[in-house]
Protein chains: 2
Amino acid sequence: MSLLNDEMNAVNQLIGKRMASENAPRIPEVTKHLVDAGGKRLRPLLTLAAAKICGYDGPYHIHLAATVEFIHTATLLHDDVVDESAQRRGRPTANLLWDNQSSVLVGDYLFSRSFQLMVETGNLRVLDILANASATIAEGEVLQLTAAQNLKTSEDTYFKVIRGKTAALFSAATQVGGVIANAPENHIEALFDYGDALGISFQIVDDLLDYSGVAASLGKNIGDDFRERKLTLPVIKAVANATPDEKQFWERVIEKGKQSDGDLETALSLLDKYNCLEDTKEQAIAYASQAKSALTNIPDSELKDILLELADFVVSRAV
Amino acid sequence: MSLLNDEMNAVNQLIGKRMASENAPRIPEVTKHLVDAGGKRLRPLLTLAAAKICGYDGPYHIHLAATVEFIHTATLLHDDVVDESAQRRGRPTANLLWDNQSSVLVGDYLFSRSFQLMVETGNLRVLDILANASATIAEGEVLQLTAAQNLKTSEDTYFKVIRGKTAALFSAATQVGGVIANAPENHIEALFDYGDALGISFQIVDDLLDYSGVAASLGKNIGDDFRERKLTLPVIKAVANATPDEKQFWERVIEKGKQSDGDLETALSLLDKYNCLEDTKEQAIAYASQAKSALTNIPDSELKDILLELADFVVSRAV
């Protein structure tokens with residue numbers, strides 16, 4: 001990915017500059033904590049690659065890449081408040097180090113900053129796409145909130161949630177790359193479809209990792225979703241197969257939230273019994289393939305290879 | 001204000017339509033609660049009046065009026081989480097009726113919806129103004145958070161906070177009215193100055209009411225700011241005049257947060273001793289005058305009278 005090194009550096013510089021605030025010193029404190037924690041910069045990479053694949057040679061893909069990372073960071077801050085999370089990327093969360101208030105308000109600030117950045121591009125279609133994506137993300141998060149603790153949550157609802165909370169930003173990130181480059185409509189559509197399928201695959205893998213042994217290596221706590229009583233794909237599959245006794249177990253731990261020592265282990269054994277993690281992984285792989293296929297009509301290039309490799313990388317985390 | 005009745009109805013219809021969400025039923029539940037609670041619709045009124053004063057005859061002042069109300073509503077939802085408020089407009093807050101999570105996420109949703117609405121106007125200058133205002137609001141809120149509990153907070157810092165958290169949206173509301181109407185620059189500036197001074201006056205009065213007897217009639221609890229240990233103008237004035245004993249009182253109740261029965265009464269008597277409420281009111285009146293003076297170069301009209309009367313109305317709440 002060294003092809004995009006210079007541009008990613010420019011994105012990081014812009015992020016650093018715009019994350020600051022002269023008027024409220026708490027803001028750079030919190031944002032520095034987030035920037036220092038790193039993160040994969042996956043979404044800005046998507047925008048940069050998409051724009052360059054479509055031959056863009058202007059300056060605004062940098063702004064758009066920073067925009068999508070700001071939207072992402074804002075949602076992370078708010079998610080950690082909503083989930084009452086204590087750890088993110090192997091470090092204490094901002095809500096733990098400061099307070100929920102700071103996380104809510106600094107999230108709002110970054111969200112506003114993201115809009116400032118996108119407005120600077122002067123491209124109304126890009127603004128439309130990103131404003132819609134932001135609304136879709138929030139809808140997905142709210143739907144997730146209300147689906148949590150509800151054992152009746154179907155795979156359909158699950159996919160609605162992750163298409164909103166995760167895939168909407170992936171697909172917007174790739175789509176605006178094409179739009180800013182004035183690419184032909186079928187290329188813009190291909191980039192959208194790629195981002196959409198990649199985002200779904202990414203989130204399935206994320207949800208899978210929450211029940212698998214490699215989570216610790218990613219700075220995640222295994223079982224977070226279980227403790228937060230979220231209905232993710234592995235659990236939805238286990239519930240669908242549950243015997244009456246098992247159903248009672250899920251009702252107790254997910255619906256009633258009465259969890260005690262050993263429950264996570266029981267949950268894991270039920271996921272194993274019905275092959276839920278393997279099946280979930282198969283679905284993630286299928287979406288990654290779909291992401292790659294979406295790019296068929298885009299001419300081959302080293303940059304296109306980056307996107308194809310990204311799809312493999314996303315599912316490789318699950319192995 | 002019957003001059004703007006039809007247009008305000010159109011704004012209310014648009015707000016009702018865009019506050020909904022097909023995908024996440026929790027969203028309309030929460031937003032309906034907010035809409036039903038009413039609210040003064042002061043900010044949309046500013047946008048409508050400003051646009052019409054400048055001779056606007058297109059459809060987009062409705063969108064912009066709905067936009068500023070959405071931004072306002074989103075910040076209310078987040079404020080109530082930050083302040084852990086239980087009451088708003090005489091009704092229980094959304095964070096109490098549902099939970100903090102819903103308030104954070106539905107706030108994000110409304111914020112995104114506001115951006116969708118403003119993007120529909122296709123006016124980049126308007127987008128720039130409103131994106132900047134959003135960032136300034138968040139900065140003001142964060143500054144308020146860090147200034148709370150700090151007795152060293154100066155009147156300067158107080159004005160920085162309220163110019164951010166309140167006046168920025170008032171001035172953007174009037175300014176975009178002028179911009180969408182393609183008004184001459186000096187009229188746009190006048191409208192900005194009017195909104196800025198009006199917003200400051202409005203917030204001073206709000207902070208005054210928190211220590212005055214008429215608060216209950218507005219659905220507010222008296223002493224909320226005291227309990228939240230916010231340094232508002234009346235208290236800043238009392239602290240500036242405090243004897244060593246009084247200083248110790250303020251340190252205990254505001255900095256250390258050790259409040260007990262009778263402390264609010266003591267605070268009120270200290271505000272009275274140094275004439276703080278009267279002095280605060282004088283400043284609110286001065287800003288309201290400044291708001292009216294800002295409009296001097298705008299030709300007289302019935303609509304201009306609405307803005308002039310609004311300035312009087314804002315301070316009349318304090319009497």
Side-chain angles (χ1 to χ4, degrees), chain A residues 18 21-27 29-30 71 74-75 78-79 81-84 98-120 122-124 127-148 160-161 164, chain B residues 18 21-27 29-30 71 74-75 78-79 81-84 98-120 122-124 127-148 160-161 164:
Chain A
R18 300 300 180 88
S21 156
E22 278 172 36
N23 295 318
R26 172 68 52 86
I27 292 175
E29 288 170 34
V30 175
I71 295 175
T75 59
H78 286 184
D79 280 0
V81 171
V82 168
D83 295 341
E84 297 167 0
W98 289 275
D99 43 42
N100 281 344
Q101 286 96 322
S102 297
S103 291
V104 170
L105 297 176
V106 175
D108 289 350
Y109 180 72
L110 292 180
F111 201 39
S112 305
R113 289 300 237 176
S114 81
F115 278 102
Q116 287 180 315
L117 277 165
M118 66 177 98
V119 168
E120 287 172 36
N123 185 314
L124 284 166
L127 290 167
D128 185 48
I129 291 165
L130 289 167
N132 291 342
S134 299
T136 305
I137 292 167
E139 269 185 320
E141 301 269 7
V142 176
L143 187 59
Q144 171 172 267
L145 186 68
T146 51
K160 232 189 225 180
V161 167
Chain B
R18 300 301 179 88
S21 157
E22 278 173 36
N23 295 318
R26 172 67 54 85
I27 292 175
E29 286 170 34
V30 175
I71 295 175
T75 59
H78 287 184
D79 280 359
V81 172
V82 168
D83 294 342
E84 298 168 0
W98 289 273
D99 43 43
N100 281 343
Q101 285 97 322
S102 297
S103 291
V104 170
L105 297 176
V106 174
D108 289 351
Y109 180 72
L110 291 180
F111 200 39
S112 304
R113 289 300 236 175
S114 81
F115 277 102
Q116 287 180 315
L117 276 165
M118 66 177 100
V119 168
E120 287 171 36
N123 186 313
L124 284 165
L127 290 167
D128 186 47
I129 291 166
L130 289 167
N132 291 342
S134 299
T136 305
I137 293 168
E139 268 185 320
E141 301 269 8
V142 175
L143 187 59
Q144 170 173 266
L145 186 68
T146 52
K160 230 189 227 181
V161 167

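A note on names: the letters A, B, ... follow the listed sequences, proteins ahead of strands, and every chain is numbered from 1.
Only the side chain of Leu145(B) comes within less than 4.5 Å of a heavy atom in chain A; its backbone stays farther off. Residue Glu22(A) touches chain B through its backbone alone, counting heavy-atom pairs closer than 4.5 Å.
With sequence neighbours left out, Ser102(B) forms a side-chain hydrogen bond (donor to acceptor under 3.5 Å, both in side chains) with Arg26(B), Asp99(B). Under the rule for a ring pair (Phe, Tyr, Trp, His ring centres under 6.0 Å), Tyr109(A) has no partner lying at least two apart in sequence or in another chain.
The greatest number of non-hydrogen atom pairs below 4.5 Å with chain A, out of Ser21(B), Ser114(B), Pro25(B), Ala131(B), is found for Ala131(B). Comparing Ile27(B), Val82(B), Asp79(B), Val104(B) by how many heavy-atom pairs each has under 4.5 Å with chain A, the most go to Val82(B). Among the candidates Asn132(B), Leu130(B), Leu117(B), Ile137(B), the residue making the largest number of heavy-atom pairs closer than 4.5 Å to chain A is Asn132(B).
Side-chain contact between Leu124(B) and Leu124(A) is present, with heavy atoms from C-beta onward closer than 4.5 Å. The shortest side-chain heavy-atom distance between Asp108(A) and His78(B) falls under the 4.5 Å cut-off. For the pair Thr136(A) and Asn23(B), the minimum side-chain heavy-atom distance is 4.5 Å or more.
The CG atom of Leu105(A) sits 12.0 Å away from atom CD of Glu139(B), with the distance rounded to the nearest 0.5 Å.
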